[in-house]
Amino acid sequence: MNAVTLPLTAPNRASGESLWHKAARKFGRDRLGMLALGVVLAYFLVALGAWLGWWAGGWADLTGTKWEPVSSAHWFGTNIIGQDIFDRAVFSTATAFEVGLSVALAATFIGAVFGAFAGFFVGSWIDEFLLWCMGVLDAIPFYLFVAAVAYALTDNPWAMQVAMIATFWVGTGRLIRGEVIKLRGMEYVEAAHSIGVSELAIIFRHILPNTGHILLVQASITFVSAIKAEVILSFLGLGIKDGMSWGLMIDESTKEVLAGFYNNFLAASLLMFGLVMAFNAVADALQDALDPRKVG
Amino acid sequence: MAGDAGRPVLKVRDLTVEFATEDGVIRAVDSVSFDVLPNETLGLVGESGCGKTVTGLAMLRLIPMPPGRIASGSIELDGRDLVPLPNRDLEDLRGRDISMIFQEPMTALNPVFTIGNQMTDVLCRHRDLTRRQARPVAAELLAKVGIPEPADRLEDYPHQLSGGMRQRVMIAMALSCNPKLLIADEPTTALDVTTQAQVLEQFRVLQAEFRMAVVLVTHDLGVVAETCQRALVMYCGSIVESGTTADLFSRPRHPYTAGLLASIPRLRSERLAELPVIPGRVPDLLNLPAGCRFADRCPRVQERCRAERPVLTGRDSGVACHFPL
Amino acid sequence: MKIVGKKFPRKAISVLFVGLNRLISAFLAIFLVCSLAGCGPPSGSGAASPALKTFHFAMDQAPTTLDPVQGANIYANFVIVNAYDTLYSYQYLARPYLLKPNLAVDFPTVSADGLIYTFRLKKGVRFIDDPCFPGGRGREVVAEDFIYSIKRQFDPENQPQGAWLWQGRITGLDEWKAAGSDYAQPVSGLRAIDEHTLEIRLTRPYPQLTATLAQGYSALVPREAVEKYGKGLGVRPVGSGPFRLVSYDTARVVMERNPNYRQEPVDLAAEGYNPATQKFSGVEAIQGRSPPFIDRLEFNFINESSASWSSFTKGDEVQLTVLPIEQIDRVLASKRPVTLRPEYAAKYHVYGGLEAGFVFTAFNMDYPEFGYNPDPERERRNQALRCAMLKGYDWEARNHSWYFGLGEYFPGIIVPASPEFDPALSRASVTRDVAGARKLLKDNGWTPDNLPTIVYGTTAGTTERLFFEQFRAWMRDIGFPRAKVVQKTYANFGDISRAWKRSQLPLVAKGWGLDYPDAENTLQLFYGPNASPGSNDANWKNPEYDRLYEESSVLQPSPERTALYHRMNQIVLDDCVAITGISRTRIYLWHKNVIAVPDREILGGFWLKYVDLKPEPANIPALVKGG
Amino acid sequence: MEILQYALRKLLAGLPLIFGVTLVSFALMVYFGPDMTYQLLGKNPTPEQILEVRHQLGYDQPFLQRYLGFLREIVTFNFGESSTGEPVTALLAKTIPVSLILILPGFILGHVVGLLLALAAAYWRGRWPDKLIMAIAVIGMSVSFLIVIIGFQIVLSSSDGLDLFPVRGWNASSLGSYLSYVTVPTLATMFVALGYDTRFYRSVIVEEMTRDHVRTARAFGLPESRILLRNILKNCLIPFITRVMFSIPQVAIGGALLIESYFGIPGIGKATYEAIVTGDQPVLKAVVSLTAILFVLVVILNDVLYRVVDPRVTLK
């Protein structure tokens, strides 16, 4: 026995439809979860505004002089070349969502598909091959892997995201694989088999939708991991190529904090902390709401 | 083997157990009162979800808290109320004065410790024995419950034993400190029919030897008929009828009891399909009807039943029905 | 109604708390041991006995190898010139920089045609004791060692980095390489007349030859060490310099005094001592004594300037550091001259040295969008575009935000540290003129729509990114849309070098440090035949410039040569081929118990052997004494 | 004997994994990795010199040949010299112990303290100590490692803060100096790991607490603390072991990277990162193969430990 025990068990299949209903109701009653969701939505609005150019469009402009203190013109002061730190911090929110969403969606999608294939064809060469891929990716230390991908794809602005997706899907893949192994034995799957539904259709129409609760929680966890990883990768010089992010701001600030200029550091780290904290809380609340054993 | 008259071992009064759920507070046990006399076997019968298991667990205060809580009532063991007892005192009591065996022998034992280990744990906890001294005692107990080569079995892990063997181990553990009261929660449900009979037989023999009171929680009326002197019938958290087994089986007074009895397959009955079934469903515990909780399913329902909740007429022998049979 | 709750069972609490208590007491014990062992500011010397004089200082990067054959990087050079000997070095205190003989007895005698150089080496100089020598005792350094060491630069096996200094200059050397770099074969231009006399024959006059022999590349390496250690020589230098290596890793290099180093008492006058500006350092104390004066030398490689600054200020973890630019406002009372605020002046000495080199941004003329173009009309407009970008560049702001106004920006490519620098040159090309730039663009038909996209290549890093953002903002001021100024990042210096060498980057932003104090060293950056992969990353080819360069390159320093240099400089300016340039100022701070005049330009690490320490500890901040 | 045979069989079964890890890493880090040529060239190179250097570095060979050469190096465990000229084995021997003693205290303390906190939270689950611990855990999980490092350095080491420890560097020549250098990195690693560890341990323990056998133990009067510390803990060992074991390769090679580069500690993480940045292939090759082997060993050790703690597990 060497399969790792998986923490999530199958949801109540009989009430597959109402599971989401109940979860939504339960989530709605989770006051902390709702508060956190509100915070995340607020961040998202900020990001949306930055995308649409409503605000923070001046993040790259030299609107002041070096290291101006907090003022009505520059709410968080200015950085070393006279850019507005508030604008940059706000613009970084959009970057955080870009990185978080792209990585979370792609990694979850890949994890779901590969996990489902491995689980559905458990024991076959497909499963063996996918398990081998997961093992290989697990065995390479994360930061070294990202660094290597970043260098291999020097020109590609998505190098960081590609590296994160390539590693983050594995966790989701393993979970889904375990879940699908359970689901493929269920009667309705066997029934679908017996009436000649194709395997692909079974996987995508009958099995994967029933792993939605795992995918949602995994996606939210991946989102947070991606934002946090971005900060460290940007510090190591492997992060965002064009644009602005909290990681880049913190990197800027490492030299400034000991000179007594904390604006960059505080703006970026507090904003990031707020989003990550809220998202962690949302992920927790989701997990609670979707945990079938707890559905009342 | 009639129950000795005298002071009851266990006196339960107005016991109410509630569970806080996502959707509101559920009253799993609602003002239940009964006595258990020394040496008698009391059956606690009902469909699943009627609160019988929770009642059994409440006797040892084993209800998971939260979400559960004993909202009111008292549980007196030999005149000592267990409800307000500090946990430490309660722990001293559990397994020594009052024991419990569970439905699922596959999971009730700890899979990573040997049988001997788990038995000596209990022996050392309540009897003044060292581990070394406890082992022969444990082997002896295993022999008593009919386990062959008991000394070897002590070295085994639970997964190495069959279900029946495991349930016997549970019984042996439960008896190890000579308890005054044993709560047996569906002890034979998970076993196959032959094993069931063997275990029940063993049970009877041991009860006689150890001279203890037993509360047998079960949905199986046949088991009650074979083993119990008295029985309580529960429905939706309350006792709807109580009495001696003989009276209950021959002259049920509550329509629910009658329905239960009618649904037991007998050897005479020709076809299973013709068995009468109680119509309707158990009401939602969150939205209990104001009157009699059985009203919706009762063939004899009247206006009064929906308005007014009937009370149990007597503790040792009574019925909670406005229009008993 | 009673509510039954679970009380805290005392036993459980005690179990948990005994555990926690043990843990806490374990922690306390650790801290106790730690404080007893002197946790406070530990003396960075670690195991070294306190009686030893140890000097530790911070550099921002680690060397990649200590083999002179690959000593291209400044950090490696710092160690190499202290472990090995070169024929020449620079006067410790003279500014501008002046050569002086080191292992050579004197300056060379040069034949009338400037083609034959004769050097005499000091006698009795020995390599350090090392197992690679017979009996483990270092043998005498001889002229053959120099020849062997130069040959190593022409052996591809060694991946040499300094060959360009002598390529095509020394007779027979390139042919020797072409024949397979066989060390047994002689090179006609390199001859040991006797053990201590060396003759070099040149293919054409090379006035800078003597200066190249002060570089780490030309350090004398004993053949025995190469044969014994092979590539391992990179981590185990065997030389005849003032120090020998103790340990080397990515965090620090530790060296100790070479006990057999030759006795050469310091003559401050010969070292170019200027009492007016250098007396404060206490350097007079070394007059007449033979270096090295310290027992141990520790190079700490600290990337993060904030970390090196805290190491420096908290005690004597690091005794000398470059002042991080972000600390300048906090620490300096005035910038010209550089003086410290009183609380720092009480503890530290300060010295500001102008970089012997510069930072500039060249247009890659290979790009038809703004460089050479088959269409002469477009080429003319391209030149106007480049000139407009020059006008839009804000040297003042760059100097202010990145060098705290301490840098010196100047027109052209002859840096202030070169003897040929012309302070009278018009500063128009480094004065921002946004209106002029816009007008120039407009007059030449440039609109936001037809302006080309400018790709600005940098290595990955915060500072580089901010350089770019600043540049983009300036270009937007003169009319570039934001999307037309883009950054392209490279993982490391090697990768961006590759892009330069392959002529793949439209805009080359780089720095150049002088190899020797002669403007020729920067003028060659725009010499046509040096085009990629050579050092002419602009790939600029101007026949007039190339002719002047060739004419000047064989001349000894003279007013005529300087005049040629100035003409070349003007041609570069007129064609707007580069946005140039600024020399940065490095400000060194050191504890008052250290006697030194630090520098890292041209000199490299030569000055380290003159460092001495006063006996009193650094932390009792020399009270009023220094002030 | 059974275990030995099993381990040998697993080692054989681990060969594809080693092959995969080396192939992927080789392609990424070595083949497509940074080109060292231009770092080795002088300031003014000729095209001819560029070719010479590329030949010296073996860049002119086809992929397969280079990869096969790499496999040969793995088998003989001879990776040649790093770009500094130091033998790679010597470099590893120098840097790995540094990383180990740097990371071990934080790693062990992180898990031990996490477990203790989780036990406390599980013991008082649903009450304020639980809520407090879990709130702190979420906060710990939400702070970036980088911010923790910078913060701790300012507070504990800098002259603006408490000034208790050296700002950076490494010196393990005596216990005192070792402790003074290792403390801040340890605290930072612990702080970051603690949130995740505590949550994980708590969820496993709480899950286990709902099992029937726990109710049985309670029904027989075993004290709550004993149930928690003996019965439950032993049942939780498998997920615990899995977590600890599988974090070893990550921590041993990748985890120290940030700490080492920020605090200037000459360990394997920093050496590897620098090797990636500069394209120092011999070092990369050695680290990659070590990682792969370490991972396979961890998988085997993990299975063997399962066998030790859970009688239901058999090694097949």
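Each chain gets a letter, A, B and so on, in the order the sequences are listed, and its residues count up from 1.
For a residue to count as touching a neighbouring chain, one of its non-hydrogen atoms must lie under 4.5 Å from one of that chain's; by this rule B:Leu60 touches chain D with the side chain only. Within the 4.5 angstrom heavy-atom criterion, only side-chain atoms of B:Asn117, from C-beta onward, approach chain D. Only the side chain of B:Leu57 comes within contact range of chain D, with heavy atoms under 4.5 Å apart. Neither the backbone nor the side chain of D:Arg211 comes within contact range of chain B; no heavy atoms are under 4.5 Å apart.
The shortest heavy-atom contact between D:Arg218 and B:Arg94 is O-CD, 3.0 Å. Between D:Gly221 and B:Arg125, the closest heavy-atom pair is O-NE, 2.6 Å. Heavy-atom minimum distance, B:Pro111 versus D:Pro311: O-CG, 3.4 Å.
For the atom pair CZ (B:Arg96) and CZ (D:Phe220), the distance works out to 14.5 Å, reported to the nearest 0.5 Å. Atoms NE2 and CZ, on D:His213 and B:Phe113 in that order, are 9.0 Å from each other to the nearest 0.5 Å. Note: B:Met173 CE to D:Thr216 OG1 = 7.0 Å, rounded to the nearest 0.5 Å. Rounded to the nearest 0.5 angstrom, B:Asn110 CG and D:Asn235 CG are separated by 4.0 Å. Note: B:Asp121 CG to D:Arg226 CZ = 4.5 Å, rounded to the nearest 0.5 Å. For the atom pair CG (D:Asp310) and OH (B:Tyr157), the distance works out to 9.0 Å, reported to the nearest 0.5 Å.
Ranked by heavy-atom pairs under 4.5 Å with chain B, the first of D:Val309, D:Thr210, D:Asp212 is D:Asp212. In terms of heavy-atom pairs under 4.5 Å with chain D, the best-connected choice from B:Ala174, B:Cys177, B:Pro179, B:Ser176 is B:Ala174. Between chain D and the options B:His159, B:Gln103, B:His126, heavy-atom pairs under 4.5 Å are most frequent for B:His159.
Counting heavy atoms from C-beta outward, D:Leu222 and B:Glu91 have side chains that stay 4.5 Å or more apart.
A 6.0 Å sphere centred on NZ of B:Lys11 holds no more than 12 heavy atoms belonging to other residues, nucleotides or ligands.
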